Amino acid sequence: QVQLIESGGGSVQAGGSLRLSCVTSGRTFGTHTLAWFRQAAGKEREIVAASGWQPGSTYYPESVRGRFTISRDKAANAVYLQMNSLKSEDTAIYYCAARHTVNSEYYIGENEYYYWGQGTQVTVFT
């Protein structure tokens, strides 16, 4: 059973920071690309960050670029999302996702992932 469990969500004042964690189990993810998605109420799920297994292979959409940072710990089979300078529009449920890849490239489409966590709520208030 492959399982991804997110944690670290909560409420934070605008301008503050949060660090999300996603611990994976069931198999090693050293050759997997890992990603974070988010879905706000009434909106479609969107990519937040993605990381291939090769360090430096990362992607961020313009909406979070420069504020969010994805990182991973291969030994711990974990992926993290450091979120700084949070805005009210960052309020959403955040999900981690994974898929196997034979190279270090990342994927940004949600339909390209087949392992998903249950999500963790992030609320940014003003």
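Everything numeric here is computed off the predicted structure, so don't read it as measured data. Computed from heavy atoms alone, side chains included, the values below leave out hydrogens, waters and symmetry copies.
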- Single-linkage hydrophobic cluster, 4.5 Å side-chain cutoff, Ile93 and Val23 together: no

- Item | Sub-4.5 Å side-chain heavy-atom contact between Tyr95 and Glu110 | no

- Query: Between Ser85 and Asp90, which heavy-atom pair has the shortest distance, and what is it?
  - Reply: O-OD2, 4.4 Å

If you look only at distance, which donor and acceptor atoms sit under 3.5 Å apart when one is on a side chain in residues 5-19 and the other is two or more places apart or in another chain?
| unit_1 | atom_1 | unit_2 | atom_2 | d |
| --- | --- | --- | --- | --- |
| Glu6 | OE1 | Gln118 | N | 3.0 |
| Glu6 | OE1 | Gly119 | N | 2.8 |
| Glu6 | OE2 | Cys96 | N | 2.9 |
| Glu6 | OE2 | Gly119 | N | 3.2 |
| Ser17 | OG | Asn84 | OD1 | 2.8 |

- Not counting sequence neighbours, list each pair that qualifies as a disulfide (SG to SG under 2.5 Å) and has a residue in residues 48-86. none

- Item | SG on Cys22 to CG on Asp73, rounded to 0.5 Å | 12.5 Å

- side chain to side chain contact (heavy atoms under 4.5 Å, CB included) between Leu81 and Phe68, intermediate numbers included: CA-CA 7 Å; Leu81 184 68; Phe68 291 9; 4.1 Å; yes

- Leu4 and Val2 have their tightest heavy-atom pair at CD1-CG1, 3.9 Å

- Message: I want to check something: taking the side chain as every heavy atom from C-beta on, are Thr120 and Leu20 in contact at a cut-off of under 4.5 Å?
- Response: yes

- What distance do Met83 atom CE and Trp36 atom CH2 have between them, rounded to the nearest 0.5 Å? 8.0 Å

- Item | Reported NZ-to-OG1 distance for the pair Lys74 and Thr24, which is rounded to 0.5 angstrom | 12.5 Å

- Message: Same cluster or not: Val79 versus Val122, using hydrophobic residues (I, L, V, M, F, W, Y) connected whenever any side-chain heavy atoms lie under 4.5 Å apart?
- Response: yes

- How long is the gap from OG1 on Thr33 to OH on Tyr106, to the nearest 0.5 Å? 9.5 Å

- Message: If I compare all heavy atoms of Pro61 with all of Ala49, which pair ends up nearest, and what's the gap?
- Response: CD-N, 4.5 Å

Indicate every side-chain donor-acceptor pair of residues 41-48 with a distance under 3.5 Å to a residue at least two apart or in another chain.
| unit_1 | atom_1 | unit_2 | atom_2 | d |
| --- | --- | --- | --- | --- |
| Arg45 | NH2 | Gln39 | OE1 | 3.4 |
| Glu46 | OE2 | Arg38 | NE | 2.8 |
| Glu46 | OE2 | Arg38 | NH2 | 3.3 |

- Query: Among all residues two or more places apart in sequence or in another chain, which pass the ring-ring contact (aromatic ring centres under 6.0 Å, His included) test with Phe37?
  - Reply: Tyr113, Trp116

- Taking Arg72 for the side chain and Ala78 for the main chain, is one N or O donor matched with an acceptor at less than 3.5 Å? no

- Task: For side chain to side chain contact (heavy atoms under 4.5 Å, CB included), just list the numbers for Trp53 and Thr101, CA-CA rounded to whole Å, side-chain angles, deciding distance to a tenth of an Å, and then say yes or no.
- Result: CA-CA 8 Å; Trp53 55 262; Thr101 180; 3.6 Å; yes

- Query: Could you give the distance from OH (Tyr107) to CG (Leu34), rounded to the nearest 0.5 Å?
  - Reply: 12.5 Å

- Message: List the residues meeting side-chain hydrogen bond (donor to acceptor under 3.5 Å, both in side chains) with Arg99, not counting sequence neighbours, and say none if there are none.
- Response: none

- Query: For Thr91, which residues count as a side-chain contact (heavy atoms from CB on, under 4.5 Å) partner, sequence neighbours excluded?
  - Reply: Gln121, Thr123, Val124

- Message: Nearest 0.5 Å, please: how far is NE2 in His100 from OH in Tyr114?
- Response: 6.5 Å

- Mind checking whether Tyr60 and Thr69 have side chains closer than 4.5 Å, heavy atoms only? yes

